[in-house]
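See below for the structure under consideration.
Computed from a predicted structure; not experimentally measured.
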Amino acid sequence: MADQFDLECRNVGKNFDRFVAVDNVSLTIPKGSFFSILGPSGCGKTTLLRMLAGFQEPTSGDILIKGKSVLGVPPNRRPVNMVFQHLALFPMMNVADNVAYGLRRRGVDKATINRKVAETLARVGLPDSGPKQISQLSGGQKQRIAIARCLVLEPAVLLLDEPLGALDLKLREHMKVELKQLQHEIGTTFVYITHDQSEALVMSDQVAVMNAGKFEQVGTPQDLYYNPQTAFVASFVGESNRWRGTVGETTGDYVAINLDKGGVILADKAAHASLPTGQDVEIFVRPEAIAIGRSDAAPDPVPGNNSLTGTVENVLFNGAASSVQIRETATGHEMSVALPQTGAFANLRAGDVINLAWHASQTRCFAGVLPSGIEGGQS
Amino acid sequence: MTAASSTGQGNGVRLGVVLLATPLLLWLLVLVILPHVDLLLVSLRERIAFRQYEFSFANYIAFFVEPLYWNTYVRTAVMSIMATVLTLIIGFPVSYYIAKIMRGRGKNVLFMMCLIPFWVSELVRTFGWMILLRESGVISSFLQWAGLVDGPVEMLYNDVTIMVGLVYTSMLFMVVPLVSVLDSLDDSLIEAGYDLGGNAFTVTRDIVIPHAMPGIASGCIVVFMLTLGNYLTPNLLGGKDSLWFTEQIYTQFITRFNWESGSAFGFLLLVLSSLIVWIGLKLSRQTLADTVR
Amino acid sequence: MARKNGAVRASMLGVTAIAGMMMLGAAAQAAELRLLTWGGYAPDEVIDLFEKETGIDVQVTLSNNEDMISKLRATGGGGFDLAQPSQDRIAGPQQEYGIYKPLDLSKIDGAQFIASMFEATKANTTVDGAVYGVPHVWGTDGLVLDTSKAPNVKDYLDLCSDEVAGKVSYRLRRPTLIAFAFSMGLDPFAAYGDEAKYQEILDAVEAKLIECKPNVKTYWEGSDGLVNLLLSGEIVAAMAWDTGGWRLNNDNPAMNFVAPTSGALGWIDTFAMPAKADNEDEAYQWINFVMKPEIAAMITASAGNFTASKGADAFAEDKLKEQFQASFPQEALDNINWYPPVPAGLETLEGKTLDRIKAN
């Protein structure tokens, strides 16, 4: 049933001399979905995209588009088109000629070209921009023309190489929504690569998190966020409080993790059954998973709850995304905790003592120790 | 110009502008305008008797009436245009290779290799060609040694040799502007061209060449002017059939003592070559301002 | 500000220093001679001897007939103290451009010259009663041949024979026109005064030289290039100066200068004084110095040609004398066509002829 998938990679690898850029990647992208590949720079995502577009040939494995292998097919014969990082609009042509370029190459007759160009420009919301020069367009308009130039060819898959990277923050936020909407309307399969987790999470049906040439995890944005399968995904997607520790004793449904720098954190036994006692682990807890309370209102002792007290060091007010930095009283660990959006803690000040609580089910542990330097992804 | 018209500005600013412009104005006046005025005046007189001259267009009329001069000019212009086109045809792929395909050190090395022949004078380079191409020269000897020909082959003293020499001499002046203009072409434009269905030919035609047009125009102007004004290469490599217009001017001045007609020829060369460049710019829809960008 | 003033002062000092040096230069100019001459006419050893004897500094600029006239014309006869044009190229340019000044014959030791050559040159270079030139070096144009490969070339016209097709060279200059005219049985010198007649001769020569063009490998320009062409065997026969032939003869006995049957063309290079010469006395001192027989012999050794110095033969190298005698038996010597002064205007006609030959 390969033809259900617009795009399929089977064990694709790419080496540059002895450097492995892409390592045995397999993926299938269902028709009409928005698929993102998320990873830090240098993770191999651009190489993977360029192999899909045909600018580079894989060292091993196979790439199938609409169920047919495209190995050895040059980029100009592949039914995929690409939106480049800096858009690569042709400055020597006007907008209409840019959009018409691919149709001309196919030898489409003039009347059809004019009709399709007009339709496509209308679809991206710039119906009158045909005679304009590229330099007369704003950043967002250029973006849309770059997409229109590909869409007019009705590609099986549209590849997008961090096209929002060059835009300023506000426009980027706006374009995220617009892109998602556009993809939804036209139903073309999008493969989008980015290092920006927010772009990936907001727009995608499916996200592949890529690191060091490999896919760490493929899933829906929610999946990645709430059920990260690896320490890298947990750290790269979203914010987390992180500790190192070793697996300790199991008590009922819960397992105690002994932190290297002192203290104990409880985690679900069921979720971490594979971890043997004594295993070195990385521990992740989302800031928004931690409930806070005034120190004089001690939380009810719920079984499986982690309960701590700490001193407020900094209040980072950012509207709905406000948080506080807290130093834990017993061990001196630094922690970040999201503030509830109700404004209940609007009067919190540095030096205040508060208590913190989260249930063991919110604790995520991963075996092994990550190399330092990889922190949470940007948001 | 602006300094003179902007009366509202302070004296200090104007003095600064004048001081900055002085070397340029002096240069233009002393080394460009005055000699040309002199050239024009000399060209407009005719010798009547010993040390007697009269205002006349005779020297210009002589150019248009005497087919010899016309033919020489047309031949020079046509061969210069051919040399320019050939230099472009050879120089473009070379430049493209240097600018777009080579990376890192190889790129610099290749660029230097284009440059190295120009560290010696044109005379030496031309003699180099003569050593290679003459009947008792390197190539002829090699062909005989290899058994490809029976006797010595003379490859000097014909138009093809002139053309080879001119193209060789001009190559750098084409490659430098082309490399710099192609360097400024974003690789992703080329990739986008392929991605949208273009092939090597259409991408070159629709994207690379339009982008490189200012460099092509400036390279062509420089090469054309240098070739048209070249004296050594056609003379030494062309031998008995060289017949080059600058040679004609040189002859008029130096061996005929005919400064009047030499000046007229010089002026005509200036006017006609400017005309050709202008037509070239019009045809390629470039402006002079683009080419010096 | 202090720094700025310092820089200004330094540059002022620099300017003063340069001005001072220029004045020094002007002072030194008193003992200077600026010579515009041919290669070999002022060899280093002669200059050294002259400097030792007189303390005069000699500066040499190498040139040829046309170049001398052009240079002097451009400066109105300035920049040089003594020039050495051929005797036939003095009267015309002098009338046209006034680039020379009359010689003061009282300052020249006439007794040092071969009398017949001295008188002939004075006569040929007289304009409006004033003498502008005295003879120095003389020589001839004729045939330089590789006699082993071109045994049948006896005259200029033989350069156009099939036997030497593609292996011939000559200059595309006025001596070639005149040589071919003589070889065709015409007398261009007799027609010097008659432009129409001269044009007829030029037309005939033009036709001949155009017809002859396929025979020519290339028109030679410098004597080094010519010697190269002959030594490499790329050409076997050329019209050229006698010295070129003798030089080649030293390396290869089969090569030599041959006086053509229609007569070699004789030229005499002179001393003439540019109109704006600053150092006249030094110039006369030089003339009298180099005409001394033993000095003249040194110049002959260097230039390869004999001089108008009386008695210099005694000091000349035997080898050169032998070569001269081999090339010029008595009848060939008598047969030499000496250039009369070129009337102004002829060069224009010749120029057009040469252009047409080249264009065809």
Exercise. Give, as side chain, backbone, both or neither, the part of D187(B) having an atom under 4.5 angstrom from any heavy atom of chain A.
Key: neither
Given a strict heavy-atom distance threshold of 4.5 Å, which part of [X] is in contact with chain B: side chain, backbone, both, or neither?
X: P74(A); answer: neither
X: M82(A); answer: both
X: L159(A); answer: neither

Quiz item: Taking K66(A) for the side chain and A156(A) for the main chain, is one N or O donor matched with an acceptor at less than 3.5 Å?
Solution: no
Practice problem: Check for a donor-acceptor pair, side chain of R18(A) on one end and backbone N or O of N15(A) on the other, with a separation under 3.5 Å. | Solution: no
Quiz item: Between Y194(B) and R77(A), is there a cation-pi geometry (under 6.0 Å to ring centre, at most 45° from the normal)?
Solution: no
Practice problem: Could you label the plane-to-plane angle of the F84(A) and F55(A) rings as parallel, tilted or perpendicular, counting under 30° as parallel and over 60° as perpendicular? | Solution: tilted
Quiz item: Which of the residues R105(A), R50(A), R106(A), R78(A) is involved in the greatest number of heavy-atom pairs with chain B at under 4.5 angstrom?
Solution: R105(A)
Self-check item: Within-4.5 Å side-chain heavy-atom neighbours: L64(A) and L7(A)
Solution: no
Quiz item: So which of D186(B), N199(B), I207(B) has the largest heavy-atom pair count under 4.5 angstrom toward chain A?
Solution: I207(B)
Practice problem: Would you mind telling me which of D206(B), L196(B), I190(B) has the largest number of heavy-atom pairs within less than 4.5 Å of chain A? | Solution: L196(B)
Self-check item: Within 6.0 angstrom of R285(B) CZ, more than 12 heavy atoms from elsewhere
Solution: no
